There are 2 protein chains.
Amino acid sequence: MTQEPPTRPRRATLADVAARAGVSVPLVSIVMRDVPGASDATRERVKKAADELGYRPDSRARMLRSSRTQLIGVVFGVQHPFHGDLVSGLYSAADAAGYELALSAVTPGRNEERAVASLLQDRCEALILLGPTLPTTELANLADRMPVLVVARPVRSRVVDVVRTDDAAGIQLAVDHLAELGHSRIAHIDGGRAPGAAERRRGYREALDRHGLDDALILPGGLTEDDGAAAARRLLAASPRPTAVTVFNDRCATGVLDVLRREGVSVPGEMSVVGFDDSSLARLSHVALTTVAQDAERITALAVSRVIARLDGHPAPDEREQVIAPHLVVRSTTAPPRPGLRRPAGPHPACDAGPLPLPGPLG
Amino acid sequence: MTQEPPTRPRRATLADVAARAGVSVPLVSIVMRDVPGASDATRERVKKAADELGYRPDSRARMLRSSRTQLIGVVFGVQHPFHGDLVSGLYSAADAAGYELALSAVTPGRNEERAVASLLQDRCEALILLGPTLPTTELANLADRMPVLVVARPVRSRVVDVVRTDDAAGIQLAVDHLAELGHSRIAHIDGGRAPGAAERRRGYREALDRHGLDDALILPGGLTEDDGAAAARRLLAASPRPTAVTVFNDRCATGVLDVLRREGVSVPGEMSVVGFDDSSLARLSHVALTTVAQDAERITALAVSRVIARLDGHPAPDEREQVIAPHLVVRSTTAPPRPGLRRPAGPHPACDAGPLPLPGPLG
DNA sequence: CTGAAAGCGCTAACAC
DNA sequence: GTGTTAGCGCTTTCAG
């Protein structure tokens with residue numbers, strides 16, 4: 001067996017293609033970029049030569065030469081499911097606009113500062129940050145150098161753009177849904193100091209007001225399953241016990257569901273639960289969580305177009321923050337309240353393993 | 001209110017720093033790269049100037065000039081939770097070795113070809129592909145141009161490196177665990193044609209053989225919750241009914257759990273369940289799935305070091321494939337078999353809300 | 001230890 | 001249409 005080639009063939013350059021096609025380098029450049037300035041015959045010849053050489057343009061040289069890099073930097077949390085949806089949307093939007101994305105992940109061992117720093121070295125023209133925890137002053141610093149757009153975190157600043165879900169409206173949708181089902185004692189498990197938590201608290205209060213329900217009950221929660229579990233125990237201890245609860249996010253709601261089921265509290269019979277995010281968690285058939293869905297596609301489309309508008313020097317709109325309406329996804333954790341002890345089976349009561357399936361939302 | 005600055009300050013270059021520090025450009029380069037060739041006094045002065053100007057090196061120009069880019073391209077699935085773990089590990093490993101990562105995501109609207117193509121334009125020196133579905137011939141094509149390493153998919157090829165979990169050994173761990181608990185009727189729900197599925201089937205068969213259990217039962221499964229749900233129904237219909245089952249992955253196992261609980265089959269009392277991946281799903285407190293964990297840290301460390309060895313021209317090792325031993329994470333879905341109808345409570349039987357906890361692996 | 005010159009691969013100006 | 005010239009920001013020779 002001969003040794004594998006220790007020396008790889010040098011990559012073909014424009015000059016190689018030019019030589020092979022018998023034309024000048026700039027002409028090849030013109031052809032490769034599909035811009036006017038070459039005859040069809042030449043185009044043909046050059047493309048053939050490039051093909052034969054397996055030529056691939058060098059984006060770094062290209063970006064170095066032209067002042068525009070057409071690069072948008074994106075900082076995202078590699079562990080965060082919803083960020084996956086957002087990144088997908090950003091790719092499509094950027095692609096449609098002729099921009100490239102430079103991804104930089106935040107991981108347990110790589111903080112936002114580092115993620116941003118690497119993007120700066122890559123000479124991105126703008127930055128899109130997904131749910132950043134960077135202090136506002138840092139964001140402002142960045143915005144001083146380039147357009148910065150924050151997704152999914154409310155930032156009060158005159159220098160960065162923000163695109164986010166209307167958190168308050170989201171919780172209001174949830175409360176409306178529960179109120180329509182007939183619930184009057186609706187609690188809220190909040191997200192503490194997490195991004196959006198304050199808005200969701202406010203939305204909850206306002207919705208209760210609108211429905212003339214005045215016994216608001218806000219329990220301290222958090223972002224994780226465990227936070228939800230702890231809050232659920234307090235929820236059950238409340239007197240009078242609420243018949244429904246809106247929870248800060250799906251993860252937390254999952255923890256709530258867990259405790260409820262362990263305690264033998266039927267969901268949605270004795271307690272209706274609404275989450276937030278419509279994460280993959282909520283969609284699991286055995287969770288089937290009614291939840292408030294964020295419109296990732298719209299959010300990302302707006303984010304990209306806003307950032308590009310900045311790059312094109314369009315004047316700043318009055319409001320630097322754009323809030324996107326969420327929508328409610330009704331699954332199986334919400335139903336009309338059931339004051340009695342009999343546990344009616346909802347479409348999917350995971351732990352009501354007993355017989356008697358009584359389908360239909362209304363008994 | 002004055003208008004915001006429509007014209008952003010040009011980024012500082014080496015020349016700017018040089019001018020400010022009163023030295024030549026190359027000298028600044030030497031200082032910025034921390035290589036020998038400058039006096040301490042100069043170093044001090046240059047660094048100060050760079051700082052004041054907010055200088056950031058231009059990675060593109062740097063890579064263009066030096067033949068090495070020190071860039072490793074990574075293709076990953078943005079929706080795949082386990083890829084998140086892998087990306088985290090790759091970052092640490094690459095960082096420690098002085099390499100950068102160029103991330104390129106596969107999304108519903110962006111296939112692997114595109115993800116790879118963008119990486120090629122970025123002049124990565126090597127490619128690491130996470131669970132790719134690219135045909136082997138494509139992989140070989142790529143490997144012709146640069147070192148290519150595939151993670152988490154068995155590829156029989158002499159030209160690409162592979163680092164993956166020992167799938168067969170993983171299932172064997174699961175079967176060993178179940179056999180030790182006293183199970184003799186152990187089924188397997190497989191992953192069809194998914195990467196690793198064949199190996200896991202084989203591991204299951206071999207493990208059964210080793211334990212002298214000859215009634216192997218392999219049920220067609222898949223990767224999703226729904227696949228698991230369907231398989232679980234067949235599992236329950238089997239006669240004699242198995243007392244334990246190993247499942248292709250955690251997602252599928254979740255679907256299995258769901259059906260079991262709905263059908264009133266106690267887990268782990270009447271049926272023990274083992275998953276594969278140790279995904280976040282398995283870790284959820286209300287799922288608490290016993291599962292086979294892949295060692296993401298070791299996998300990524302090996303992947304990076306192998307790829308760098310290639311770049312450094314080290315000779316290819318005999319075996320281009322490296323299989324990493326997984327380990328078992330015992331949670332609450334496995335326990336000794338209970339032939340009777342009484343449902344004993346394991347450490348966490350989400351639906352066995354009854355009392356009597358009988359701890360200890362052996363009854 | 002420091003500076004001058006050259007050039008990575010490409011594109012933007014100009015000539016012809 | 002096509003070729004020539006210049007230079008993006010940086011690193012690499014090589015002189016001094």
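Values below: all heavy atoms of this structure, side chains included; hydrogens, waters and symmetry mates excluded. Letters A, B, ... are given to chains in the order of the sequence lines, protein chains preceding strands, and every chain is numbered from 1. The structure displayed is predicted, hence computed values, not measured ones.
- A straight line from CZ of Arg11(B) to P of dG9(D) spans 11 Å, rounded to a whole angstrom.
- With DNA chain C read from its 5' end, the first of the two nearest nucleotides for Ser66(A) and Gly22(B) is the one closest to Gly22(B).
- Between Thr13(B) and dG9(D), a side-chain N or O to OP1/OP2 separation shorter than 4.0 Å is absent.
- The Ser29(B) side chain lies nearest to dT11(D) when the options are dA12(C), dT11(D), dC1(C).
- For dT12(D), one of the phosphate oxygens OP1 or OP2 lies less than 4.0 angstrom from a side-chain nitrogen or oxygen of Arg33(B).
- Across every non-hydrogen atom of Ser59(A) and Gln121(B), the tightest pair is OG-O, 2.8 Å.
- At the heavy-atom level, Thr42(A) lies under 4.0 Å from the strands shown only through sugar-phosphate atoms.
- The distance between atom CG of Asp16(A) and atom C1' of dC10(C), rounded to the nearest whole Å, is 13 Å.
- If you check every strand for non-hydrogen atoms under 4.0 Å, Ser39(B) touches sugar and phosphate atoms only.
- Counting to the nearest Å, the C1' atom of dC10(D) and the CZ atom of Arg123(A) are 11 Å from each other.
- Per the geometry, CD belonging to Gln70(A) stands 12 Å off P belonging to dT11(C), to the nearest Å.
- Rounded to an integer number of Å, the gap from CG of Leu27(B) to C1' of dC10(D) is 14 Å.
- Under 3.5 Å, the side chains of Thr133(A) and Glu112(A) contain a donor-acceptor pair of N or O atoms.
- Comparing dG3(C), dT2(D), dC10(D) by their nearest atom to the side chain of Tyr55(B) picks out dC10(D).
- Note on Glu44(B) versus Lys48(B): no salt bridge recorded, every NZ/NE/NH1/NH2 to OD/OE distance being 4.0 Å or above.
- Distance Arg56(B) CZ to dC8(D) P: 22 Å, rounded to the nearest Å.
- Using a 4.0 Å heavy-atom cutoff across all strands shown, Val25(A) reaches at least one base atom of the nucleic acid.
- Contact annotation: side chain of Arg65(A) to base of dG7(D), donor-acceptor pair present below 3.5 Å.
- Distance, Leu64(B) CG to dT12(D) P: 12 Å, rounded to whole Å.
- Of the candidates dT11(D), dC1(C), dG1(D), the closest approach to any side-chain atom of Leu14(B) belongs to dT11(D).
- By the 6.0 Å contact criterion, CD on Glu297(B) is open, its count of non-hydrogen atoms from other residues, nucleotides or ligands being 12 or less.
- Of all nucleotides listed (dT11(C), dG1(D), dC8(D)), dT11(C) comes nearest to the side chain of Pro26(A).
- The nearest whole Å value for the distance from the CG atom in Asp58(A) to the P atom in dG7(C) is 18 Å.
- Atom CZ of Arg56(B) has 12 or fewer heavy atoms from other residues, nucleotides or ligands within 6.0 Å.
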